[in-house]
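Both counts, for ligands and for their atoms, begin at 1 and track the order of listing. A quick note: this is a predicted structure, and the numbers were derived from the prediction, not measured.
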Amino acid sequence: MASTIVNTPCTVSSVKGCEAQNYVGLRPISSLKLSSARTSTSGRSRPLHVVRACERFDGHVKKAEMSIEECEAAVVAGNAPEAPPVPPKPAAPVGTPVIQPYQLTRRPRRNRKSPALRASFQETSISPANFVYPLFIHEGQEDTPIGAMPGCYRLGWRHGLVEEVAKARDVGVNSIVLFPKVPDALKSPSGDEAYNENGLVPRAIRLLKDKFPDLVIYTDVALDPYSSDGHDGIVREDGVIMNDETVHQLCKQAVSQARAGADVVSPSDMMDGRVGAIRAALDSEGFHHVSIMSYTAKYASSFYGPFREALDSNPRFGDKKTYQMNPANYREALVEAHEDEAEGADILLVKPGLPYLDIIRLLRNQSPLPIAAYQVSGEYSMIKAGGVLKMIDEERVMMESLMCLRRAGADIILTYFALQAARCLCGEN
Ligand code: PBG
């Protein structure tokens, strides 16, 4: 066996878009079981996708009739054995102009000639391991569809959530981020429910960690789901969002999430100084191992509309422009990135995704830290709507948009398409 490639946990024998059947010498071996094979939630062991190079024709080892010396002697004597002729040049359609070929030193199409060549020169790759799956949860037992986000649900935290996570893990998506729909009665101007140790998010984290100890859980750190004003921070009488007082609350929120078992806390509030304050708060409580993914360049975007419907978290008045960034600004992302790096962020996030590819590339070039991109609700819903209306091929546009985020420099992508795209990558539908 020349080489063996063990893929991510997928039951399937080919990866869509890879056109594996076109590669002579590559074939899937589904019978092989490895001791390291992951076990799915249902307990059945998953066959891993193993591809073996060479040995294409099993059992066809031909017995040599002539020795090497005899073969060579025949060729030297001018009796070369027959091989198929070069196929004739394919005919051009009638009416094609007959011209002298142009003298081009470079014809870039040569490297795009066949699926095998295209696969060889593909610069960017994408895998389910790059996805973080955002999940909406609520106190109810049922999963309720979100009107503005076809295919997304507010999941009951006890059942629907656990089932969705199991489905995602089955196709290699092992990272999720939680967004709670909080009952109005628990919302307040100071958002204190955000750090209730027995609140919806800490409860869901504990349940998930109990069922799937190796699941990577990201949390959102911001007051908006808990704020009666629908803002990410505490609102003063005159409408000003109070920075340092909000950060004080966010620290408590992050610590309560870490205590429940969160792996990565993700401040999405855009208050100044929150990364450093949260780092210090986590460390002082012994959570040195908990990472911070900072929403570094989060823009005041209209692409968040469907999300706010999902959580019923529209600001009661005004907008978020005094804390989220102006979509017209590029250099300002560097100011935020320098601060977040200096304050100890582990991951820098850009949000939204596709309309802000230049910012993703900027941070990728300027920082050695991992970069995350958030393909937000509006981006998701537009692709879904275009697909439903048969204006675009939903699946292809989905995969292309995710690949483009990777090409721009995103290591990980937060996307509502995580499950659908991972199934696609695994050849499932
Ligand atoms: C709030 C938060 C928002 C999103 C993630 N966290 C909305 C907002 O800032 O108003 C948006 C995500 C999406 O649109 O998918 N802290």
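Less than 4.0 angstrom separates some heavy atom of A222 from each of these atoms of ligand 1: 16 (N). Ligand 1 places these atoms under 4.0 Å from at least one heavy atom of D232: 1 (C), 16 (N). Atoms of ligand 1 lying under 4.0 Å from any heavy atom of Y374, numbered from 1 in the order shown and given with element: 12 (C), 15 (O). Counting the atoms of ligand 1 from 1 in the order shown, those under 4.0 Å from a heavy atom of R308 are 8 (C), 10 (O).
Among Y299, Y380, Y416, Y304, the residue whose heavy atom sits closest to atom 15 (O) of ligand 1 is Y416. When M149, Q375, K351 are checked for heavy-atom proximity to atom 4 (C) of ligand 1, K351 turns out nearest.
Between Y416 and F136, the ring center distance clears the sub-6.0 Å criterion.
F131 is listed as a side-chain neighbour of T415, based on a closest heavy-atom distance under 4.5 Å.
The environment of Y218 atom OH is dense: over 12 non-hydrogen atoms of other residues, nucleotides or ligands sit within 6.0 angstrom. Within 6.0 Å of atom CD in E197, more than 12 heavy atoms from other residues, nucleotides or ligands are found, so the atom counts as buried in its surroundings. Residue-environment remark: CD (E245) exceeds the threshold of 12 foreign heavy atoms within 6.0 Å.
Regarding atom 9 (O) of ligand 1, its nearest protein heavy-atom neighbour is K298 NZ, 2.6 Å. In terms of protein heavy-atom proximity, atom 8 (C) of ligand 1 is nearest to K320 NZ, 3.3 Å. Scanning all protein heavy atoms for the shortest distance to atom 1 (C) of ligand 1 gives D224 OD2, 2.8 Å. Scanning the protein heavy atoms around atom 16 (N) of ligand 1, the nearest turns out to be S268 OG, 2.7 Å. What sits closest to atom 14 (O) of ligand 1 on the protein, heavy atoms only, is S377 OG, 2.7 Å. Of all protein heavy atoms, the one lying nearest to atom 12 (C) of ligand 1 is F307 CD1, 3.3 Å.
Of all the heavy atoms of D220, the ones lying under 4.0 Å from any atom of ligand 1 belong exclusively to the side chain.
Each of K181, R158, R203 was scored for a side chain to side chain donor-acceptor pair (under 3.5 Å) with E139, with one residue passing: R203.
Aromatic ring orientation, Y374 versus F179: tilted (interplanar angle from 30° to 60°).
Considering both main-chain and side-chain atoms, Y295 never comes within under 3.5 Å of ligand 1 through any nitrogen or oxygen pair.
In this structure, H231 contributes its side chain and F317 its backbone to a donor-acceptor pair below 3.5 Å.
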